Amino acid sequence: MTSVSAEPRWLEPDEMRAWRAYVIASELLRQQLNRELQEKHGLALPDYEVLVRLSEREGWQMRMSQLAGQLASSKSRLSHQISRLEKAGFVRRLNCAEDARGVVAELTPKGMDMLRTAAPVHVQGVREHLVDLMSPAEQEVVAGLFERVIEHLDLT
């Protein structure tokens, strides 16, 4: 992490343009994807992301602490989110077999059914509102850039 100097390195106009475009576009994109999932399936985008992460794991299970890290979420916020998903019957919490203090989130068959139903809407939105707006070269640049940002900021 860099230290704050007495005089900040103010953003140049092109840097400011890039920063502001990223901030606004990323927020608008998340809002749009969330709206589409909510309208068609009553599922919030952050909840969809939980279901996706669990579906990608063997046994559809993941430790809560690991899941929070993968979602860039606090453990407390994830705990509340998992409680809502439990009430809907999409996930359940289990005690961790390897660590008595650990808790595992598990995707239920009902949760997998919801994911299978909602995924086409989400993928269509991602494609329509982002992927299809980029050339393959731009996709490579965007992926490389944000992988570097994640690596730089990943404190886990």
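From a predicted model like this one, the values you see are computed outputs, not experimental measurements.
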Worksheet item: Applying the side chain to side chain contact (heavy atoms under 4.5 Å, CB included) test to Leu33, which of His129, Glu128, Gln38 qualifies?
Response: His129
Worksheet entry | Side-chain donor or acceptor of Asn34 paired with backbone N/O of Leu45 under 3.5 Å | yes
Worksheet item: Can you name the residues that form a side chain to side chain donor-acceptor pair (under 3.5 Å) with Glu147, not counting sequence neighbours?
Response: none
Discussion item. Any carboxylate oxygen within less than 4.0 angstrom of a Lys/Arg side-chain nitrogen, looking at Glu15 and Arg20?
Written reply: no
Fill in: Polar contact flag, side-chain donor to acceptor under 3.5 angstrom, Arg35-Gln32
yes
Worksheet entry | Taking every non-hydrogen atom, the tightest pair across Gly59 and Glu106 | O-OE2, 4.0 Å
Item to complete: Taking the side chain as every heavy atom from C-beta outward, state whether His41 and Met114 have any atom pair closer than 4.5 Å.
Response: yes
Discussion item. Is the distance from the ring center of Phe146 to that of Tyr22 below 6.0 Å?
Written reply: yes
Worksheet entry | Nearest heavy atoms of Thr108 and Arg92, plus distance in Å | CG2-NH1, 3.6 Å
Worksheet item: If you take all heavy atoms of Gly111 and Leu51, which pair is closest and at what distance?
Response: O-CD1, 4.0 Å
Worksheet item: Would you say Leu67 and Ile82 make side-chain contact, with heavy atoms under 4.5 Å?
Response: yes
Discussion item. Just so I know, are the side chains of Arg84 and Asp47 near enough to count as touching, which here means a heavy-atom distance under 4.5 Å?
Written reply: yes
Discussion item. Does anything in residues 67-76 form a side-chain hydrogen bond (donor to acceptor under 3.5 Å, both in side chains)? List the pairs, not counting sequence neighbours.
Written reply: Arg53-Gln70, Ser73-Arg77
Fill in: Donor-acceptor pair, side chain of Gln61 and main chain of Leu107, under 3.5 angstrom
no
Worksheet item: Between Glu86 and Arg93, does at least one N-O distance fall below 4.0 Å, as a salt bridge requires?
Response: yes
Worksheet, complete the sentence: Gly89 and Lys110 have their tightest heavy-atom pair at O-CB, 3.6 Å
